[in-house]
Amino acid sequence: MKKFGQFLKKNKHTVIVGIICLVLIIFVFVVKFTFFPNEGTAIYGDRLDGIEEVEIKEDQQEEIKTNLEDREEVSSASVSIAGRILNVIITVNDDVSLDTAKSLTDSIDSALEEDQKDYYDTQVFVQKTNDDASFPIIGYRHQDNDTYTWTKDR
């Protein structure tokens with residue numbers, strides 16, 4: 001015990017700095033867990049519970065893309081999923097009207113099963129390669145609705 005006391009006397013500044021550092025580290029963790037308590041949980045929380053049962057597989061995504069690209073009005077299409085949102089980007093030919101572009105959503109809905117439509121929101125971006133004042137347009141179908149809501153006509 002005598003040696004420990006001598007060590008403290010010789011290194012009193014080092015021991016004080018060490019104790020202050022230890023207190024600061026504990027303080028940082030307390031503040032971190034106070035302000036960010038759920039940092040380790042999933043980004044979507046429990047929003048995606050049950051997605052395995054109605055998952056839109058790669059072949060269905062490819063079917064949506066093929067259905068769209070087979071239509072003569074469409075020059076290209078892409079499909080992606082982010083959480084519970086199905087994103088579809090469609091590039092249409094320059095001579096396509098707004099009503100025709102809006103009707104392209106039938107090709108998307110025909111590839112999905114009813115329980116998938118009830119689980120996923122669908123977001124459709126329709127664009128043209130040229131500068132048209134009416135495009136791009138965005139359509140959105142909430143999982144509880146059967147119809148798409150479109151951006152206001154310009």
Open item on the list: Nearest 0.5 Å, please: how far is CD1 in Ile51 from CD in Gln116?
Closed with: 10.0 Å
- [ ] With rounding to the nearest 0.5 Å, note down the distance linking CG in Asn145 to CG in Asp118.
- [x] 10.5 Å
- [ ] Supply the atom-to-atom distance Lys117 NZ to Thr122 OG1, rounded to the nearest 0.5 angstrom.
- [x] 9.0 Å
Task: Gap separating the CZ atom of Phe27 from the CD1 atom of Ile20, nearest 0.5 angstrom - done: 14.0 Å
TODO: Please round to the nearest 0.5 Å and tell me the distance separating atom CD1 of Ile16 and atom CG of Asn11.
DONE: 11.0 Å
Open item on the list: Minimum heavy-atom separation for Ile85 and Tyr120, please, with both atom names.
Closed with: N-CD2, 4.2 Å
Open item on the list: Test of understanding: clusters of I, L, V, M, F, W, Y form through side-chain heavy atoms closer than 4.5 Å, transitively. Do Ile81 and Tyr119 belong to the same one?
Closed with: yes
For residues 107-114, which side-chain N or O atoms pair as donor and acceptor with protein atoms under 3.5 Å away, sequence neighbours left out?
unit_1: Ser107; atom_1: OG; unit_2: Arg71; atom_2: NH1; d: 3.2
unit_1: Asp109; atom_1: OD1; unit_2: Tyr148; atom_2: OH; d: 3.0
unit_1: Ser110; atom_1: OG; unit_2: Asp106; atom_2: O; d: 3.3
unit_1: Ser110; atom_1: OG; unit_2: Ser107; atom_2: O; d: 3.2

Task: Side chain Lys128, main chain Val96, donor-acceptor under 3.5 Å - done: yes
Task: Side chains of Ile137 and Leu98 in contact at under 4.5 Å (non-hydrogen atoms) - done: yes
Run the side-chain donor-acceptor check on residues 86-93: report pairs under 3.5 Å with partners two or more places apart or on a different chain.
unit_1: Asn87; atom_1: OD1; unit_2: Gln123; atom_2: NE2; d: 2.5
unit_1: Thr91; atom_1: OG1; unit_2: Ser76; atom_2: OG; d: 3.4
unit_1: Thr91; atom_1: OG1; unit_2: Gln127; atom_2: NE2; d: 3.1
unit_1: Asn93; atom_1: ND2; unit_2: Glu72; atom_2: O; d: 2.7
unit_1: Asn93; atom_1: ND2; unit_2: Glu73; atom_2: O; d: 3.4

Task: Nearest-0.5 Å distance, CD of residue Gln143 to CG of residue Asp115 - done: 12.0 Å
- [ ] Could you tell me whether a side-chain N or O of Arg84 sits under 3.5 Å from a main-chain N or O of Asp121, the two making a donor and an acceptor?
- [x] no
- [ ] Kindly determine whether Tyr140 and Thr151 satisfy side chain to side chain contact (heavy atoms under 4.5 Å, CB included), including the steps that lead there.
- [x] CA-CA 9 Å; Tyr140 191 84; Thr151 52; over 6 Å; no
Task: Within one Ile-Leu-Val-Met-Phe-Trp-Tyr cluster: Ile25 and Phe33, side-chain cutoff 4.5 Å - done: yes
- [ ] State which residues pass salt bridge (Lys or Arg N to Asp or Glu O under 4.0 Å) with Lys65; sequence neighbours excluded, sorted by chain then number.
- [x] none
TODO: State, with a plain yes or no, whether a side-chain heavy atom of Asn130 is found less than 4.5 Å away from one of Phe135.
DONE: no
